[in-house]
Structure formats: structure tokens, C-alpha cells
Amino acid sequence: MSTLDDSTPVIEVTDLVRDFHGRKVLNGLSFQVMKGDTMIIMGGSGCGKSTLLRHIIGAMKPTSGSIKLFGQEITGMDEKELGRVRRRFGMLCQSGALLQSLTVGENVALPILEHGKLDPGIVDLMVKMKLEMVGLTGFEHLKPAEISGGMKKRVGLARALALDPELLFSDEPTAGLDPIMTSVVDILTQEMTRKLGVTAVVVTHDMTSAFRIGSKMVMLGTGPNQGKIIAAGTPDEIRASTNGEVQQFINGEPDGPVPLRLSKGDYVERLLGHPAPTRNSYLA
Amino acid sequence: MKEYLALNGQILYWTLLAPFRGQFFKVGEVFHQMVLIGVRALPMAALTTFSIGLTLAMQAAGQLSKMGASQFVPDLVILSLLRELGPLLIGVIVIGRSGSAVTAELGTMKVSEEIEALQVMAINPIRFLIVPRFLAMMIMLPALTVFGNYVGMVGGWSICHFALDYNTASYIAHSLSRARPWDLYSGLVKSVVFAWLIITIACHMGLRVEGGAEGVGQATTSSVVWSLLLMLVANACLTALFFFT
């Protein structure tokens, strides 16, 4: 296991490109996340946020470019080497991704049991502590199908934190949560980063939450800027950005550089598959 | 095909080699799967093999009595069951009950990102999910086959006893004097081959599901169709190898 001094980035992505059948979903992305940062990855639907996250956790291989976690290049790693890196981070999936055949408690206990040999009493205690952290004490014996979507997500968070990871990835952690639980999840993330020095990478388009917890932000573009970083910096720098697309996104405006509707000509072209006929063609 | 062979290799590695390197599969889960695949299939296996034993005896009695050879009914029943019908019928039942269930379960786990979540937690899905199902199938299909052979013989006995006036002792003596150990073993070899085909195809189809509920449905259909086809082809090949060369 490599130890990092504070000057080595926990995550270093360089010129990352991912090509899906000729369509560049990620197009030359580069950024760094330092220890203790909470990096927010934001952008409109379909901009490649989740794809980027899946590359960083090693679930997808890039077309080209480099991804380093804890200073180690992961793009060429086999499953075994990747497994060693993965034990150092926790991941909260978009849907919670709990194993439906296990109870809530067994789901949280799973990484603890798989990666350590602890006394069952201690494992029980750890599971209770983690569930208590996310406000779900007493839910250990229920199956994921018996709890709400928001609860599943919180169990997912408890499972991601089960091994006290150095790095936490969250994919849409607050989507589907009520405002109170959103703050709880935000505060949990903040406590982890500030008190325990955990590094967090959060993919979200909940702007309240993003500005509350983020210490660094990157925004991915859509349309012609698909797969590129159109803005990066601290929350204040992002707020002050002069980029119209960024301002439209953080203020949630329906129309702007990202158009509400396509122009009439584009609309007809999409429908008919060829440019709109002009007046002359009617006469001809 | 390449993926299927790779899956076979991985299953062998995680079953046979990895435990020696300290990476054990879950023994408790093997027993849990044995109950699902084997124990819960007992009523259906019993009913099917009993009815086939019964039918075989009725057909045989009708035809053989025309030649004055109805004393050979037990021979026909026991040989057909041990060599062919026992392994095949149990195979068909297990494909329908468990092969399809394994594909649907793994497919649903794939589309709901559960398998990816396991990988991200550095838990190998082959070790965690596939190996227990594989071992349970490899143990329970031959066991069910032996059980089915017995029940099928009881089916044959019921016709011989109640319609042909055999007494039980002579039915058993007749059957045992005709069947050789190899008849039983050949059927068991077949059931081991079938078990391998059924579980590897079911897991392969489940793990490659893409595209939601529709994908799960298609994979389950493919799993059943391919398992049946390959099982029948393998059966023909093994019969040719064991009894026709």
C-alpha cells in the first residue's frame, strides 16, 4: 500500500477520452483531487458525469488517457491489483445498489466480513454504528425491498463508510432524499472530510448541496462541449464564472446557452431528416 | 463463446485454486443454494419420475406381453431410467426450475448494479455469487438423479405389482440382477455433465444481461433453450460413447 504525502493528488485524471462508437462521451478531461477535498462533478443530464465516475473507480476502461488513484495508475490494472485499490475507497451508487437477498444489516456488514476477520460481536457493533450515523437504527433486519428509496440510499452510504475509507465516491447522493435527509447526508460528508481527512468525490446536480459541501468543482459541458470541462475551481470561482452555460446551470434557468428548444429549422430537420423546405420549393 | 470459456476457467479457479490461497467461497451459501436447487425440487422430481416409471411399465407391459415376455418389464424400466430417462428428466426439471431462476436472479442483479457494487467493494462476483451456485448444482443434480431413479422404479413397481401380479421381492430381484453398476454410473456421469452445462450456461446468460427487464427475460429464455439443446446433444454423444462403441 502506498502512502501519500499531502502534495500527491489522491486522484489525478489526465487527458481522459472515452469513445462510444465514434461519439466522445469524455473528451480530454484532466483534473486533480487533493487529500481532504470534496470535489463536486456537475453537469447536465447525459454530460458523462456518471461515466467519468465509473472510469475513476475502474468499472470502465478509457479509450485513452491516464487515471491515478493514490498515485497508482489504474487503467492497466488487473482485477486483483484493482481490488487492493478498491479496498481503500467506498462508493455510494445512484440507486444504493444493495444486495436484495441480504438484510440491511448484512449489506452493511458485507465489506467488513469480506475484508477482515473480526469477532461477530464487533461486526454487529460496527454495523449498528454505521446505521446510527445515517439515522437508520433498528432497521438491520429489514430487506431492501421493505424500505423506501431514500432509506436504501442511506444504507448504501452506511455500507460505503463501513470500512472507514480514505476516499468516498457518491453518485447523486441526495437525489430522492427529503430536504432534512439531504442536509444529514451533506453534514456526514462534511464531517468525514473535515474531521477525518477523507477525500470525497460527489457527482450531483443538486446545487444547494453542491455549494454547501464542495471545496472544488468541475462542470462538464453538453452539446458541442460534450465530455469537456467547461469550468473548474472553488465554489466562489464557479459562482463568479462568466461562462453562460455555468450560470444557466447553477441558477437553474430554463433557457440560455443550452437552448430550451431547438430552433425551428433544427426542429424540422430532425423530424424530416433533411433541412426544412423553403418557400420556393413549395412553388416548384 | 470466448466469454463462456473464460467464465468456466474463472469458476474452476475460484472453486479449486483460490481456497488454497486463502480466498474461500461461502460454505453456508453453498448449502442455501443446495436447498433451493435440490431439496425444493424433490416433490416435482418425484412426481415426474414416478409418472414416467409408471408409463414406461404400462407401455412395456402392453408390448412385451404380446411376445410373452412380460417378465422383462422390470428390466426395461430400470435400464431406461438408470441410463437415459433419470438423468434427462431430472435435467429438464432443474433447467426449468433452477437454471432459469439463476439466470433471472443474476440478470436482475446485473441490471440493478448489484454486481458492479460487489466489484467496487473488491468482492469478486464469481467467488461470491457463482461458485456457491455451481457447487450446489454439481452436488444436487446427481443426488436428485439417484433419488429420481428410485422413485421411477417405484412407479414401475406399482404397475408390475398391481396389474401384472409381480410380488415386490421378485420385482426388486429382477431389476437388480439385470442392472449393472455401470448402468448407474453412466447415468451419474451424464448428470454431472448436465449439471456443469446447466449452471455454467445459466450463470453466463445472467452475467451478460444488458438493458433492463427485457434483457432479463431474453436471457432467461436463452438460458433455458441453450441448456436444453446442449443437454440433449451431450446426452446423445455420451450414450454413443458409453453404449454404442
Side-chain angles (χ1 to χ4, degrees), chain A residues 50 53-60 69 74 77-102 106-117 144-145 149 152-153 155-163 165 167-172, chain B residues 3 6-7 9-11 13-14 17-19 21-33 35-37 98 101-133 136 206-207 209-213 216:
Chain A
S50 293
L53 197 61
R54 289 163 65 99
H55 278 85
I56 302 176
I57 61 173
M60 290 172 119
L69 288 188
I74 62 153
M77 277 186 181
D78 61 25
E79 276 299 310
K80 207 173 159 190
E81 293 169 311
L82 210 48
R84 251 178 251 132
V85 177
R86 281 170 167 167
R87 281 177 211 189
R88 299 173 68 181
F89 66 70
M91 163 94 186
L92 167 59
C93 300
Q94 211 163 357
S95 58
L98 303 178
L99 299 190
Q100 301 290 325
S101 56
L102 304 181
E106 287 166 342
N107 262 291
V108 180
L110 185 62
I112 308 175
L113 291 172
E114 286 290 320
H115 297 311
K117 290 188 176 68
K152 278 183 203 160
K153 202 156 250 186
V155 178
L157 182 63
R159 187 176 70 180
L161 301 180
L163 290 178
L167 174 59
L168 173 71
F169 293 104
S170 305
D171 193 0
E172 307 274 359
Chain B
E3 282 173 42
L7 176 69
Q10 283 177 303
I11 291 175
Y13 170 79
W14 286 103
L17 290 181
R21 297 179 182 181
Q23 292 175 302
F24 276 95
F25 48 83
K26 288 235 179 288
V27 179
E29 182 62 14
V30 177
F31 283 104
H32 176 65
Q33 291 296 329
V35 171
L36 293 182
I37 292 173
S98 308
V102 166
T103 306
E105 190 184 4
L106 292 176
T108 310
M109 293 181 81
K110 174 89 190 293
V111 296
S112 60
E113 296 179 327
E114 288 178 40
I115 291 183
E116 195 179 299
L118 281 176
Q119 286 171 326
V120 172
M121 286 188 276
I123 299 171
N124 186 293
I126 306 285
R127 176 177 65 81
F128 190 78
L129 296 172
I130 310 293
V131 170
R133 286 164 174 77
L207 289 178
V209 165
E210 301 275 341
V216 176

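Order of the sequence lines sets the chain letters (A, B, ...), proteins ahead of strands, with each chain counted from 1.
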Region of A:Leu98 that comes under 4.5 Å of a non-hydrogen atom in chain B: backbone
Distance, nearest 0.5 Å, that separates CG of A:Asn107 from CD of B:Glu114: 8.0 Å
Most chain B-contacting option - heavy-atom pairs closer than 4.5 Å, from A:Arg87, A:Glu79, A:Met91, A:His115: A:His115
Minimum heavy-atom distance between B:Val120 and A:Arg86, given as atom pair plus value: O-CB, 3.4 Å
Contact summary for A:Ile57 and B:Glu116, nearest pair of heavy atoms: CD1-OE2, 4.3 Å
Part of B:Met121 lying under 4.5 Å from any heavy atom of chain A: both
Closest approach of B:Glu113 to A:Ser95 (non-hydrogen atoms, all atoms of both residues): OE1-OG, 3.4 Å
Distance in Å, B:Leu118 CG paired with A:Leu99 CG, rounded so as to fall on 0.5 Å steps: 5.0 Å
Trace of the side chain to side chain contact (heavy atoms under 4.5 Å, CB included) decision for B:Glu105 with A:Gln100: CA-CA 10 Å; B:Glu105 190 184 4; A:Gln100 301 290 325; over 6 Å; no
Within 6.0 angstrom of B:Phe31 CZ, more than 12 heavy atoms from elsewhere: no
